[in-house]
Enquirer: 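First the structure, which I've put down as structure tokens, then a few questions once you've had a look.
Remember, predicted model here, so these are calculated numbers, not experimental data. When a ligand or atom number is given, it counts from 1 through the structure's own listing order.
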Amino acid sequence: MDADNKEVFRDSISTIDEKGKRSWIYPKKPKGRFYRYRTWVSMALLAFLLSAPFLKINGNQLFLFNVVERKFHILGFPFWPQDFYLLVLSMLVGVVFIILFTVIYGRVFCGWICPQTIFLEMVFRKIDYWIEGDKGAQIRLAKQDWNAEKIKKRVFKHALYLLISFVISNVFLAYIISSDRLLKIITEPVSEHIGGFVSIWIFTGVFYFIFSWFREQVCIIACPYGRLQGVLLDNKSIIVAYDYIRGEGKKGRAKFRKNENREDVGKGNCIDCDQCVEVCPTGIDIRNGTQLECVNCTACMDACDFMMLKTNQPQGLIRYASEENIEKNEPFEFTVRIKAYTAILTVLVVVLISLLTVRSHVQANFFRVPGELYQVKENRVISNVYTYKLVNKTSEEIDSLSFQLLSHPNGKVKLVGTDHLLLKEQAIYEGTVFIEIPESDLTDSNETVELGIYQSDKEITSTKTHFLSPKNKW
Ligand code: SF4
Ligand code: SF4
């Protein structure tokens, strides 16, 4: 590459040609240990992703993100509008987590966990290899005229794409509207669920478009996380990196010659075989340095390791390393910075999980009836009237509820209009009560009182409210 012009590859992206047209990428099928590990991780994540909306804890869907009806379940914990602070906190923790994680581990998420990469590389791309063959066969098929073979392969491939897009669309909707409602749409007459039926097909179309045509451009053009890499990565972040010191040597990269000692003649370890470029699903040359398009899929690491093995050179010419590691020729190690950031990430996750698990499943609020003061009853017992609201956040009915005054054991809570409290699942119940406390037990005219909410003899939550009395007048 021309020395004055060595950043020229940054002026264009690999998926668009000079005329601005789509340049289709046909990556060579990767093979190697990283691809094998990624396949196992992907299978586990796919199984989780596809089954999570159908798994329930205490009757609650494991994950639900019903934005329209403001119903959210995370790890089986239902979030109500009353828990909005927890949702906001989860999002803040999520943002901090993403930033710290990316600063340390670069785009590891993109290569190993992101559903877009997993579906594209581990599902749809495998269909391409299975039906059309490897890179060369795919290019030949694309160039050849339409004949029976091409029609058969393309129809079969796109039918499979459509079928898988349909499955993804259903699962996606199960996360949004709940798996119970999705099952109703599927099993009941279409006329009763026109909206749901249309939504399934709209999302099927969107996923089909993404995986059959838009493909790697999601990561290159559309994904906001991908766009953030430029500001989050620094020279200490772990990335898929080409060791240019080793690869270029003193005289630069050069083709492999049998029985030649490359070190003696000053040639670098890179044999310029282009295998790392051939397998790249975003069509880049990692030897140009870190690039926005690189999703850290590790395919080039496997390809290069294979070539190093073939040419009797040490593996890891392309490897997980920071730019600083490469520059100083240091092996990767867990630095103090990585350990500190990882500790912060762990603390954030533990705090969030603790907040979720200690949260009460029943929320109670008592409000004094506006405009009402207090009543002085027989034996100078003071009475205040309240409206109360109980929220059952669980998917189970809670029967035999009662209230007790925890702060004033001689006081009483008297229900109005009912003597039996039953809280239906995921429901809100409102009512009225009188709280009566002997004046001798009070110390202030506006006193804080604490109420316990009991199911049979077990306290399930407590709350505080204010109690007015003529106390300071006497
Ligand atoms: S450069 Fe390597 S790690 Fe990055 S996308 Fe291409 S093949 Fe994957
Ligand atoms: S696969 Fe390795 S040896 Fe071959 S061109 Fe890429 S970096 Fe050089």
Enquirer: If the cut-off is 4.0 Å to any non-hydrogen atom of Arg287, which atoms of ligand 2 fall inside it?
Expert: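 Checking each atom against Arg287, I get 5 (S), 7 (S).
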Enquirer: Which residue and non-hydrogen atom of the protein lie closest to atom 2 (Fe) of ligand 1, and at what distance in Å?
Expert: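 Result for atom 2 (Fe) of ligand 1: Cys300 SG, 2.2 Å.
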Enquirer: Run the numbers for me: atoms of ligand 1, each under 4.0 Å from some heavy atom of Thr282, listed by number.
Expert: 5 (S)
Enquirer: Which ligand 2 atoms, with their elements, are less than 4.0 angstrom from a heavy-atom of Ile318?
Expert: 7 (S)
Enquirer: Specify side chain, backbone, both or neither for Val279, according to which of its non-hydrogen atoms lie closer than 4.0 Å to ligand 1.
Expert: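 Looking at Val279 and ligand 1, no heavy atom falls under 4.0 Å.
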Enquirer: Can you sort out which atoms of ligand 1 are near Thr298, meaning under 4.0 Å from one of its heavy atoms?
Expert: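 The atoms of ligand 1 under 4.0 Å from a heavy atom of Thr298 are 3 (S), 8 (Fe).
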Enquirer: Could you tell me whether atom 2 (Fe) of ligand 1 has an N, O or S atom of Cys294 under 2.8 Å away?
Expert: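 Not a single backbone or side-chain N, O or S atom of Cys294 is under 2.8 Å from atom 2 (Fe) of ligand 1.
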Enquirer: May I ask you to list the protein N, O or S atoms found at less than 2.8 Å from atom 4 (Fe) of ligand 2?
Expert: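 As for protein N, O or S atoms lying under 2.8 Å from atom 4 (Fe) of ligand 2, they are Cys273 SG.
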Enquirer: Give the intermediate values and the outcome of salt bridge (Lys or Arg N to Asp or Glu O under 4.0 Å) for residues Arg140 and Asp134.
Expert: CA-CA 10 Å; Arg140 273 196 302 281; Asp134 210 341; over 6 Å; no
Enquirer: Could you tell me whether Asp274 and Arg287 have a side-chain N and a carboxylate O separated by less than 4.0 Å?
Expert: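 Salt bridge present between Asp274 and Arg287.
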Enquirer: Relative to the heavy atoms of Asn296, which atoms of ligand 1 are at a distance of less than 4.0 Å?
Expert: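 Result: 3 (S), 4 (Fe).
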Enquirer: Under the rule for side chain to side chain contact (heavy atoms under 4.5 Å, CB included), what residues qualify as partners of Lys328, not counting sequence neighbours?
Expert: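 If we apply the side chain to side chain contact (heavy atoms under 4.5 Å, CB included) test to Lys328, skipping adjacent residues, the hits are Glu324, Glu330.
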Enquirer: Report the residues that fulfil side chain to side chain donor-acceptor pair (under 3.5 Å) with Asn312, sequence neighbours left out, ordered by chain and then residue number.
Expert: none
Enquirer: Which residue supplies the protein heavy atom nearest to atom 6 (Fe) of ligand 1, what is that atom called, and how far is it?
Expert: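 Sorting protein heavy atoms by distance from atom 6 (Fe) of ligand 1 puts Cys280 SG, 2.3 Å first.
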Enquirer: Is any side-chain heavy atom of Ile176 closer than 4.5 Å to one of Val68?
Expert: no
Enquirer: Could I get the full list of side chain to side chain donor-acceptor pair (under 3.5 Å) partners for Tyr244, not counting sequence neighbours?
Expert: none
Enquirer: Which of the numbered atoms in ligand 1 are under 4.0 angstrom from any heavy atom belonging to Ile286?
Expert: 1 (S)
Enquirer: State the atoms of ligand 2, each with its element, that fall below the 4.0 Å cut-off from a heavy-atom position in Met308.
Expert: 3 (S)
Enquirer: Are Lys157 and Ile127 side-chain neighbours, meaning at least one heavy-atom pair lies under 4.5 Å?
Expert: yes
Enquirer: Given the ring of Trp213, does Arg22 sit roughly above its face, with NZ or CZ under 6.0 Å from the centre of the six-membered ring and within 45° of the axis?
Expert: yes
Enquirer: Measure the distance from atom 3 (S) of ligand 1 to every protein heavy atom, then report the residue, atom name and distance (to 0.1 Å) of the closest one.
Expert: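 Going atom by atom, the protein heavy atom closest to atom 3 (S) of ligand 1 ends up being Cys297 N, 3.3 Å.
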Enquirer: Heavy-atom contacts with Ile284 under 4.0 Å: which atoms of ligand 1 show up? List them by number with element.
Expert: 1 (S)
Enquirer: Are Glu323 and Lys236 close enough that some pair of their side-chain heavy atoms sits under 4.5 Å apart?
Expert: no
Enquirer: Check step by step if ring pair (Phe, Tyr, Trp, His ring centres under 6.0 Å) holds for Trp201 and Phe166.
Expert: CA-CA 7 Å; Trp201 281 104; Phe166 180 75; 5.0 Å; yes
Enquirer: When you measure from atom 5 (S) of ligand 1 to every protein heavy atom, which one gives the shortest distance, and what is it?
Expert: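 Heavy-atom neighbour on the protein nearest atom 5 (S) of ligand 1: Val295 N, 3.4 Å.
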Enquirer: A side-chain contact here means heavy atoms from C-beta on lying under 4.5 Å apart; do Ile98 and Phe109 qualify?
Expert: no
Enquirer: Does a side-chain heavy-atom distance below 4.5 Å link Phe172 with Pro115?
Expert: no
Enquirer: Taking the side chain as every heavy atom from C-beta outward, state whether Glu121 and Cys297 have any pair of such atoms under 4.5 Å apart.
Expert: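 Heavy-atom side-chain distance check fails, nothing below 4.5 Å.
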